[in-house]
Structure formats: structure tokens, C-alpha cells
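Only a predicted model underlies this, so the values are computations on that prediction, with no experimental measurement involved. For the single chain, residues carry numbers from 1 onward in sequence order.
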Amino acid sequence: MKIDTLPIGLYAENSYLLHDNNHVLFIDPGRFAEELSRYVNEGETVDAILLTHGHEDHTLAVDDLYDKYHCPVYLHEGDFDMVDPSHGRTSYAAPIYSPLTPLPEGEITIGSFSLTIRHTPGHSKGSVLIGYRNRLFTGDTLFAGSIGRTDLWGGDEREMYSSLKMIRELPNDLWVYPGHGDATTIGQEKQTNPYLYYLKTDL
């Protein structure tokens, strides 16, 4: 297994390529599809594009990558309205013209990858965590030392609180690959991230 972390977009968002057994997933391809494509090795198959949520800094390369690889694009249905071209532009979101496949919760298989999808609304209605082995791609739900905003379209403070309660129950040894910033672990965040360490019970 190999993970390429590419903070190359408008807000230094992390675009990821997850490689295993000559198969690849794009996760949150924010911008610069051609540059991202250079990290797909000869002989590798692109199985899918996965999105942790629908904000534009994590999706702007989707249509170009779809045109190049003709692979499915997965997004939680909670964010479909956000990226629907017929609805116009919403806050921090841009239309996606490629066909979208709903990203279900639970244990799923996409291409050659066995994944665990956890719905974590709060930053957006359709925010998810994408788990593969002991790696967890958290989008803008959880960062090293912080969490995502809840004041954008689809954000909700109470839903974020519930999502963080769930995250606190995850194993400490899970590696976290966030939408922005450095990788961390769940255990590290429980100790040092104030949004987890001082998690209130009365919100």
C-alpha cells in the first residue's frame, strides 16, 4: 500500500492517491488533474474517485479525471444538492458534471478496495470518513489539532458534535489523513485536539 499526499490546490487541500496491488483510488482531487494523473503508475488501474464531501477545494479536478479514466465518482447523497449543476453554485461548492454514485455507509468494496465508510455530518450534510486498513481519510471533519467549519452551506454544529463523539470511539492506532494539514492518529487527537479532548456532553 502507498499513499500520495498532494497539497496542491487553492487552499493547500490534500488530494490523495491510494495505491494497492496495482489499483488506485483518487480521494478528494481538489485541482490540477494532469498533475494528479502523473502519480498513476504505468500498469495501474484507477478504480474510482471518492469524495469525503462536496466543497470545491476537494472536487475541482473530478470532471477532468472522469473524462480521462471513465471511473465511477462516489459522493454521499447528502451533498448531491451542493454539487448539482441544475441548482447553481452554493457556498464553497462548484458543480460536478460527471455522473455521481451514492457512497453508502458501512463495509463496502469499490474495485479492489475493501473500505469502511462512516457518515460524519457537521462540516457538510454528506461528509464521510473513508477507511482503508488502518488509514482514515477524514476530509474536513477532523484535522490535526482542529476540526472543520460548521458555518458553511450544509454545516451543523450539533451534527458535528455527534460525529466527533463517534470519532472519539475509534481505535487510537488509526492513521488520520485530513483534508488539510499533516497526518496524525486518532490517539494523538484524543490527547491534543481540544475538540476531542474537551468533548462536552451538554451541547
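Between H123 and H55, the ring planes are perpendicular. Angles over 60° get that label, and only those under 30° would be called parallel. Ring planes of H58 and H53: tilted class, angle from 30 to 60°. Using cut-offs of 30° and 60° on the angle between ring planes, the pair Y177 and W175 is tilted.
Rounding to the nearest 0.5 Å places CG of L50 at 10.0 Å from OG1 of T101. Between atom CG of residue D28 and atom CD1 of residue I49 there is a gap of 11.0 Å, rounded to the nearest 0.5 Å.
Ring centers of F26 and Y69: under 6.0 Å apart, within the cut-off. Here the two rings, on H180 and Y11, have centers that are 6.0 Å apart or farther.
Using modelled atom types, one side-chain atom of N193 and one backbone atom of F143 make a donor-acceptor pair closer than 3.5 Å. A donor-acceptor pair under 3.5 Å is absent between the side-chain atoms of D140 and the main chain of I147, judged by distance alone.
For the 3.5 Å distance criterion, the side chains of E157 and T150 fail to qualify, holding no donor opposite an acceptor. A donor-acceptor contact closer than 3.5 angstrom is absent between the side chains of E44 and H23. In this structure, a donor-acceptor pair under 3.5 Å is absent between the side chains of T5 and N14. Under the 3.5 Å distance criterion, with hydrogens and angles disregarded, no donor-acceptor pair is assigned to the side chains of N21 and S112. No hydrogens or angles considered: a donor-acceptor pair under 3.5 Å links the side chains of S127 and S124.
Salt bridge status for D156 with R158: absent, with no side-chain N to carboxylate O gap under 4.0 Å. Checked for salt-bridge contact, D57 and R31 miss the test: no charged N lies under 4.0 Å from a carboxylate O.
Between S98 and the options V62, L65, V83, a side chain to side chain contact (heavy atoms under 4.5 Å, CB included) holds for only V62.
Residues L174 and I167 are members of one and the same hydrophobic cluster, defined by side-chain heavy-atom contacts under 4.5 angstrom among Ile, Leu, Val, Met, Phe, Trp and Tyr. Hydrophobic clustering of Ile, Leu, Val, Met, Phe, Trp and Tyr side chains at less than 4.5 Å, counting indirect connections, unites I117 with I3.
In this structure the side chain of D79 reaches within 4.5 angstrom of the side chain of K125, judged on heavy atoms. Under the 4.5 Å side-chain criterion, counting only non-hydrogen atoms from C-beta, D173 is not in contact with T185.
The number of heavy-atom neighbours closer than 6.0 Å to CG of D182, taken from other residues, nucleotides and ligands shown, is 12 or below. No more than 12 heavy atoms of other residues, nucleotides or ligands shown are found within 6.0 angstrom of OH on Y39.
Relative to the six-membered ring of F113, R133 misses at least one condition, a distance below 6.0 Å or an angle of at most 45° to the axis.
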